[in-house]
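Let me begin by presenting the structure, written as structure tokens, before commenting on it.
A, B, ... follow the sequence lines: proteins, then strands. Residue 1 opens every chain. What you see is a predicted model; the values in this text were computed from it and never measured.
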2 protein chains.
Amino acid sequence: MQLHNTSQYAIRVLNFIANHSDDRLYSAKELSEILNIPYKFLTKIMGILVKTGFISSIQGREGGYELNTPASEIKLIDILNTFNDETDNESCVLGIGICDSVNKCALHDQWMEPKSLMRKMFEETTLNNLTCKDCKL
Amino acid sequence: MQLHNTSQYAIRVLNFIANHSDDRLYSAKELSEILNIPYKFLTKIMGILVKTGFISSIQGREGGYELNTPASEIKLIDILNTFNDETDNESCVLGIGICDSVNKCALHDQWMEPKSLMRKMFEETTLNNLTCKDCKL
DNA sequence: TTCAATTACTACTCAAAGGTAGAATTTAAA
DNA sequence: TTTAAATTCTACCTTTGAGTAGTAATTGAA
């Protein structure tokens, strides 16, 4: 029960860029070193984030990445969805198709509350709320 | 963000056995058909559940499986741990080692509440609480 | 005692996540 | 204009979860 590495990496990178947007551009090489993410894997993820529109890339020497939209508009759930980290509200925790109040699995009732809270958190948290000066990178 | 298939299957099988312990023995073939789990994969999982002590197997003709301990003593969290479905309380949601109040990741604060509820649920729910007559199998 | 229904064991395949390699392209600075 | 620092692209490798195949071992019933 945990997020995919790609989702974790993407959140950390986007958060870092959001917190340093005034600053200057950061390259994949720098991000890889600062965030301790394998360089080649990071560039692959950055490519996806560019294609899906989260960020823009500035190519060539002195290049790097910048957010396309304000940090306050980037929800964690959108990042998770990009990397197939389903938080689908209806899918059954025991894997038996769709779960709802009339068609329950054995764990449905107990799962409701933690699931809702978790989903709410990923839906309502933006890169903006995440900003945190003394945090691990 | 979801449970492994193996964990899902294991919970469903154990729950079914728990709900039919008075009854009679169910074989892997029957369980596979009733619960719609691939037979060969199920027998593999049953083997693990026997080795880890959740169930005992009765070999030979008319054989099958039965719980080793009362359903009220089998916690979901123990099943998850058996199949590497970590719900480790300290491990970081963003994958940066250990997370606690003095060593936070950027998502730590928001993650606390849903994580605690989820963990509490898996720790406190036993096969016994799960019993549910009108549920999907 | 035979036989069929059962679990147990070993080894394999398949798919997806995670990660790597190398070369092509872009571009600002020297 | 050259060059080095950057992104981009395509293809590959590795690991792990998911699932399959075949056969040996066990055992109650006929």
Side-chain angles (χ1 to χ4, degrees), chain A residues 1-13 17 24-68 79-86 94-96, chain B residues 1-13 17 24-68 79-86 94-96:
Chain A
M1 206 70 178
Q2 55 183 28
L3 296 179
H4 290 167
N5 283 9
T6 44
S7 304
Q8 297 176 333
Y9 288 158
I11 292 173
R12 290 168 58 204
V13 169
I17 294 176
R24 62 178 179 84
L25 245 41
Y26 284 84
S27 70
K29 187 171 176 237
E30 288 175 299
L31 293 171
S32 152
E33 286 164 357
I34 294 171
L35 300 173
N36 199 33
I37 299 172
Y39 172 71
K40 279 294 192 178
F41 194 35
L42 179 61
T43 59
K44 191 184 213 172
I45 294 171
M46 298 314 274
I48 297 171
L49 292 174
V50 168
K51 272 192 190 148
T52 50
F54 286 103
I55 54 179
S56 289
S57 63
I58 286 80
Q59 282 199 355
R61 189 164 175 165
E62 309 281 289
Y65 303 91
E66 61 189 8
L67 289 190
N68 261 343
I79 304 174
L80 299 195
N81 284 334
T82 300
F83 296 100
N84 302 321
D85 239 325
E86 300 195 29
L94 293 185
I96 320 174
Chain B
M1 205 72 178
Q2 54 183 29
L3 295 179
H4 290 168
N5 283 7
T6 43
S7 304
Q8 298 176 333
Y9 289 157
I11 292 173
R12 290 169 58 205
V13 169
I17 295 176
R24 61 179 180 84
L25 243 40
Y26 284 84
S27 70
K29 187 172 177 237
E30 287 175 299
L31 293 171
S32 152
E33 285 162 0
I34 294 171
L35 300 172
N36 198 33
I37 299 172
Y39 172 72
K40 278 296 192 176
F41 195 34
L42 179 61
T43 59
K44 192 183 211 172
I45 293 172
M46 297 314 274
I48 296 171
L49 292 175
V50 168
K51 271 192 190 149
T52 51
F54 286 102
I55 55 180
S56 288
S57 61
I58 287 78
Q59 284 199 353
R61 188 165 177 161
E62 309 281 290
Y65 302 93
E66 61 188 8
L67 288 190
N68 260 342
I79 304 174
L80 301 195
N81 285 335
T82 300
F83 296 99
N84 301 320
D85 238 326
E86 299 196 30
L94 294 184
I96 320 173

Phosphate OP1/OP2 of [N]: any [X] side-chain N/O under 4.0 Å:
X       : N      : result
B:Tyr9  : D:dG19 : yes
A:Asn84 : C:dA16 : no
B:Tyr26 : C:dT7  : no
A:Ser57 : D:dT8  : yes

Between atom [atom1] in [X] and atom [atom2] in [N], what is the gap in whole Å?
X       : N      : atom1 : atom2 : result
B:Tyr65 : D:dT27 : OH    : C1'   : 15 Å
A:His4  : D:dT15 : NE2   : P     : 19 Å
B:Met46 : C:dC9  : CE    : C1'   : 16 Å
A:Asn36 : C:dG19 : CG    : C1'   : 14 Å
B:Asp85 : D:dA18 : CG    : P     : 8 Å
B:Glu62 : C:dC3  : CD    : C1'   : 13 Å
B:Leu25 : D:dG28 : CG    : P     : 12 Å
B:Leu42 : D:dA18 : CG    : C1'   : 14 Å

Query raised in the report: Is there a donor on the side chain of A:Lys44 or the base of C:dG18 sitting less than 3.5 Å from an acceptor on the other?
Result: no

Report task. Map B:Ala28 and A:Ser7 onto DNA chain C by nearest heavy atom, then report which one ends up closer to the 5' terminus. Result ->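 It is B:Ala28 whose nearest nucleotide is closer to the 5' end.
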
Requested in this report: Starting from the 5' end of DNA chain D, give me the residue, B:Phe83 or B:Tyr39, whose nearest nucleotide shows up first.
Outcome: B:Phe83

Report summary line: Taking for B:Leu3 and for B:Gln59 the nucleotide of DNA chain D with the nearest heavy atom, the one nearer the 5' end belongs to B:Leu3

Report task. Answer yes or no: are there more than 12 heavy-atom neighbours, outside A:Asn36 itself, under 6.0 Å from its atom CG? Result -> no

Where the side chain of [X] is concerned, which of [options] is the nearest nucleotide?
X       : options               : answer
B:Pro38 : D:dT20, C:dA17, C:dC9 : D:dT20
A:Arg61 : D:dA5, C:dG19, C:dA17 : D:dA5
B:Ser27 : D:dA6, D:dG19, C:dT7  : C:dT7
A:Lys40 : D:dA18, C:dC3, C:dA23 : C:dA23
B:Thr6  : D:dA18, D:dT8, C:dC9  : D:dA18

Please report the closest heavy-atom contact between [X] and [Y], naming both atoms and the distance.
X       : Y       : result
A:Met1  : B:Asp85 : N-OD1, 2.8 Å
A:Pro38 : A:Ser32 : C-OG, 4.3 Å
B:Glu62 : B:Leu25 : O-CD2, 4.0 Å
B:Met46 : B:Leu31 : CE-CD1, 3.9 Å

Query raised in the report: So how far is it from A:Tyr65 OH to A:Gln59 CD, rounded to the nearest 0.5 Å?
Result: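 Answer for the OH-CD pair, A:Tyr65 versus A:Gln59, is 8.5 Å.
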
